[in-house]
Amino acid sequence: MNILLVAAEVSPYAKVGGLADMTSALPKAWQADGHSVTVVLPKYGAIDAKAHGLEKTDLTLAVPFGAWNEYASVWKAQLPGSSVPVYLIGSEDYFERPGIYGYHEGYEDNDRRFIFLSKAAFELAKALGMRPDVIHAHDYHTAPCMPLLKVIYRHQPEFAGTRGVFTIHNMAYQGYYDPIRAMDFCGFPMEDFYPGAWYEQDGAFNCLKAGIMFADKVTTVSPTYAQEIRWTPEGMGLQSALQARGADLIGVLNGIDTDEWSPANDPFLALPYDVDSIEKKQVLKSILLAEHGCYPHNVDNDLPLIGMVTRLTEQKGISIFFNAIQAFIERNACRLVVLGSGDRAAESRLRELAAAYPSNVIVHTGYNNALSHQIQAASDFYLMPSKFEPCGLTQMYAMAYGTVPIVRAVGGLADSVTAYDPVTFHGTGFRFSAYTAEACAAAIADALRVYRREPHWTHIRRNAMDTDMSITRAARRYVEVFGWTLEARPR
Ligand code: ADP
Ligand code: GLC
C-alpha cells in the first residue's frame, strides 16, 4: 500500500507529545511490513538540519492559497532506523520561528500555517509523481487534508484513487478558525459555510470537525476513547459529529517503538537490563537520585520512587495530583521525580514541592528526552492520574521498563493497564476511577503496599514487562482500516 502521512509533529524532528512518537513509529512499522510510506511535516526553524541529516532538494512547490500561489521549499531526510523518506516543507513566513505551535495560546496565524502544510502535502505528492492510496492526517493541524481531498484534489488524476483517513489523538485541541480566512485559504467557496455545514461548529471553522466529517474513516488512539468521545463530554462538543460517523470511527490502541523504548538497548541508560535482570533498576535509581542530590542512606532499604514525565495540563490530572501526593511525601512514604512542562502555576507548585522536600522530590521543568528515559528506568512506579487520556504512551513505556503504572482508568489507560490481582497474580498496575485526590491517593497507597513485597513485586513487574505493546499490532490494524476505505474505490 502507498501511504502518505502528514502531521505537525514527527519524532525526532519535532515533538511536543505522543503524536510525534506515533507518526514516526507507524511509518517504520509499515515499511517493515512492505508498504511504501512517505512522511510530510514542516521544516520548523528549531529543527537542527545538520544533526538530523536534512538535505535541501531543488523542488519548489507552488501551493494555491486563496487567490494566489505561495511557495514552499522542500527538504528531505530519512526516518532514523528505517529508509522511510521524510519531506519537510520549508517556508520562511510560516515555519522559521521558534517552537511548533507557539507557546500557550499558539501563534495567531496557525490557521494559515497548517492549512498551508495540508495543501503543500498534496502538491508535494504531485511533484514526486506519487499516487497515494491513502493520505493519513493527524489531529486538527492536518485535518484540512480531509476536505481538501474530497472537495479539490480528488478531481485531479493523481488523487482520483486516494482515500483519506483521519486519526484523532486528542479532542481537546480542535483548531477553531475564522471561517472567512479558513475557507479562503483552503480554496472552498464561502457559500459552503453555513450553520450545520461539515466545517462549521458554533459559527467557527472547526478543523477537527471537518476532518471527522470528510474522512473516509476516522480512527482514534484507543477503543475506550472511541466510545467516550461519542457518548460523554469527552467528545468536547463534537459528540454528534462523531455519532454521525459512528460506523466509520474505529479505536486503534497505540503501540510503542521498541527500537526507541527498550531497557535492554537504551543509550540513555548507564546500565541495560531486561526482565531477567530487573534488579538493575535499583542501581539506576541510585544513580538518578545521586545525580539530583538525593542520597539514599541505605540502598537496600530505600523509599519507593514514583516517576512522571508529562505535559503539565489539566488533561494530565494536575488538579488532583498535588493533593494526592502531598501526604505521602510528608510521611516520607515515597520519593517523587517529575519531568514536565506546560502550565506555569503547576510548574511553580512543583518547584515549591521540590524546595520543601529536597531529598524526596526531584523536579525538572522543560523538555529532556534523555531524562525521560532515565526516569522510566529508575522509577518503581509511574503515576498518570489523567482527567482524560486518549491513549497515553508513557504508561506503556513505564511497563516496558518494569515500572508499575498507577493510572486513572480512562481512555487508553483503561485499555493498556490491567489491575493487579494478588490472588491470581495477574495484572500490570493499579487503577482508580473517580477523578478525586482521595481515589488517586488510595491507588497510590495500594501500589506502595506491593513495593518489594514478594511474590507480588516480581509478578507485577514481570507482567508489565511481558505485555506485548509493540507498534506492529497497531500498524497492521491501521492497514486493515486503510484497506476498508480502498474497497469502496471504483475499479
Ligand atoms: P501526550 O501526547 O498527551 O503528551 P503521551 O503519553 O502519549 O501523552 O506521550 C507523551 C510523550 O512526550 C512521551 O514520549 C513522553 O516521554 C514525552 N514527554 C512529555 N513531556 C516530556 C518532557 N518534559 N521531556 C521529555 N519528554 C517528554
Ligand atoms: C495525544 C494524547 C495521548 C496519546 C497521544 C498519541 O497527545 O493526549 O493520550 O497517547 O496523542 O496518540
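The chain is numbered in sequence order, starting from 1. Both counts, for ligands and for their atoms, begin at 1 and track the order of listing.
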Using a 3.5 Å cut-off on N/O to N/O, what pairs does ligand 1 make with the protein? A line per pair would be great.
from: ligand 1; atom 1: 2 (O); to: G18; atom 2: N; distance (Å): 2.6
from: ligand 1; atom 1: 3 (O); to: R311; atom 2: NH2; distance (Å): 2.8
from: ligand 1; atom 1: 3 (O); to: K316; atom 2: NZ; distance (Å): 2.7
from: ligand 1; atom 1: 4 (O); to: R311; atom 2: NE; distance (Å): 2.7
from: ligand 1; atom 1: 6 (O); to: L393; atom 2: N; distance (Å): 2.8
from: ligand 1; atom 1: 6 (O); to: T394; atom 2: N; distance (Å): 3.2
from: ligand 1; atom 1: 7 (O); to: L393; atom 2: N; distance (Å): 3.2
from: ligand 1; atom 1: 8 (O); to: K316; atom 2: NZ; distance (Å): 3.1
from: ligand 1; atom 1: 9 (O); to: G18; atom 2: N; distance (Å): 3.2
from: ligand 1; atom 1: 14 (O); to: K15; atom 2: NZ; distance (Å): 2.7
from: ligand 1; atom 1: 14 (O); to: D21; atom 2: OD2; distance (Å): 2.7
from: ligand 1; atom 1: 23 (N); to: G366; atom 2: O; distance (Å): 2.8
from: ligand 1; atom 1: 24 (N); to: N368; atom 2: N; distance (Å): 3.0

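- For E314 and S319, the side-chain atoms include at least one donor-acceptor pair closer than 3.5 Å.
- At a 4.0 Å heavy-atom cut-off, the residues surrounding ligand 2 are G18, L19, M22, H169, N170, V221, N254, R311, Q315, E389, P390, C391, G392, L393, listed by chain and number.
- Sorted by first and then second residue, the salt bridge (charged side-chain N to carboxylate O under 4.0 Å, His left out) pairs involving residues 372-393 (not counting sequence neighbours) are K285-D380, K316-E389.
- Salt bridge status for R344 with E347: absent, with no side-chain N to carboxylate O gap under 4.0 Å.
- R476 and D33 are joined by a salt bridge, as a carboxylate oxygen and a charged side-chain nitrogen come within less than 4.0 angstrom of each other.
- Classification of R97 and D109 as a salt-bridged pair holds, one side-chain N sitting under 4.0 Å from a carboxylate O.
- Remark: R112 is not positioned above the aromatic ring of Y94, lacking an NZ or CZ atom under 6.0 angstrom from the ring centre and at most 45 degrees off the axis.
- Under the ring-ring contact (aromatic ring centres under 6.0 Å, His included) criterion, the residue pairs touching residues 14-42 are W30-H136, W30-F482, with sequence neighbours excluded.
- Side-chain rings of Y87 and W75 stay apart, their centers remaining 6.0 Å or farther from each other.
- Ionic pairing of R311 and D343 is not present here: no N-O contact between side-chain nitrogen and carboxylate oxygen is shorter than 4.0 angstrom.
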